[in-house]
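Here is the structure we will look at, set down as structure tokens.
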Amino acid sequence: MSKQKIVLKYPTHVVEEPVIYNLVKDFDLKVNILKADISPRKEGRMVVEIEGDQEKYLKAVDWLKEQGLGIFGLQQQIVWREDLCTECGSCSAFCPTGALEIQRPEMRVNFNESKCVACEHCLMVCPVRAIEAIKEET
Ligand code: SF4
Ligand code: SF4
């Protein structure tokens, strides 16, 4: 048995397909959706925890790639560039885990890497590109 946290990137043509249902039904995996940002006819992303037999998991990964999904392991590193950050606070509103948060009463932004699940929501909202992802595709 293995448990993996991964980020699934959905191209537009897959967004309305029952991908998670197929992972459960065809590969006998348990899928826990940690975060989803999926809209019709738009690229989307989902952070999931997948539990099950390792061999079935690897077959599921191959199937996901065949469907055109991007798969990134959460061992990828998110880097917060404090020197570029303007402390606008936008990222903290979108961070699902509190890894990026505003510390009170100073109202300073703080990045706690140990809480980060590499979902990349912060990358999309940062106006000055103070957050970078160093990716390692699985
Ligand atoms: S990638 Fe950004 S938004 Fe996602 S958990 Fe990490 S710090 Fe929060
Ligand atoms: S969105 Fe970017 S500039 Fe704003 S607080 Fe977050 S890292 Fe800093």
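Just so you know, ligand 1 is whichever comes first in the structure, and atom 1 is the first atom listed for that ligand. What you see is a predicted model; the values in this text were computed from it and never measured.
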Check your understanding: Taking side chain as C-beta onward, heavy atoms only, is Trp63 less than 4.5 Å from Asp26?
Key -> no

Check your understanding: Counting from 1, what ligand 1 atoms have a heavy atom of Thr97 closer than 4.0 Å?
Key -> 5 (S)

Pair up each side-chain donor or acceptor in residues 43-54 with any protein partner under 3.5 Å, not counting sequence neighbours, and list the distances.
from: Arg45; atom 1: NH1; to: Glu120; atom 2: OE1; distance (Å): 2.9
from: Asp53; atom 1: OD2; to: Glu55; atom 2: N; distance (Å): 3.1
from: Asp53; atom 1: OD2; to: Lys56; atom 2: N; distance (Å): 3.1
from: Gln54; atom 1: OE1; to: Ser2; atom 2: OG; distance (Å): 2.9

Practice item. Could you name the protein residues that come within less than 4.0 Å of ligand 2, counting only heavy atoms, and order them by chain and residue number? Key: Trp80, Cys85, Thr86, Glu87, Cys88, Gly89, Ser90, Cys91, Val109, Cys126, Pro127, Val128, Ala130, Ile131

Check your understanding: Under 4.0 Å from any heavy atom of Glu120, which atoms of ligand 1 are there?
Key -> 1 (S), 4 (Fe)

Check your understanding: Quick one: are Phe27 and Leu64 in side-chain contact, heavy atoms under 4.5 Å?
Key -> no

Review point. In the single-linkage hydrophobic clustering (I, L, V, M, F, W, Y; side-chain heavy atoms under 4.5 Å), do Phe94 and Ile78 co-cluster?
Key: no

Revision key, fill the gap. On a heavy-atom basis, the closest approach of Leu100 and Cys95 is N-SG, 3.5 Å

Which side-chain N or O atoms in residues 81-89 pair as donor and acceptor under 3.5 Å with protein atoms at least two apart or in another chain?
from: Arg81; atom 1: NE; to: Asp83; atom 2: OD1; distance (Å): 3.1
from: Arg81; atom 1: NH2; to: Asp83; atom 2: OD2; distance (Å): 2.9
from: Glu87; atom 1: OE1; to: Val109; atom 2: N; distance (Å): 2.6
from: Glu87; atom 1: OE2; to: Arg108; atom 2: NE; distance (Å): 3.0
from: Glu87; atom 1: OE2; to: Arg108; atom 2: NH2; distance (Å): 3.0

Study note, to complete from the structure: The answer for which part of Lys115 has a heavy atom under 4.0 Å from ligand 1 is neither

Point to revise | Cation-pi check, Lys9 onto Phe72 ring (under 6.0 Å, within 45° of axis) | key: yes

Point to revise | Contacting atoms of ligand 1, where contact means under 4.0 angstrom from a heavy atom of Cys116 | key: 1 (S), 5 (S), 6 (Fe), 7 (S)

Show me the donor-acceptor pairs, under 3.5 Å and distance only, between side chains in residues 10-19 and residues at least two apart or in other chains.
none

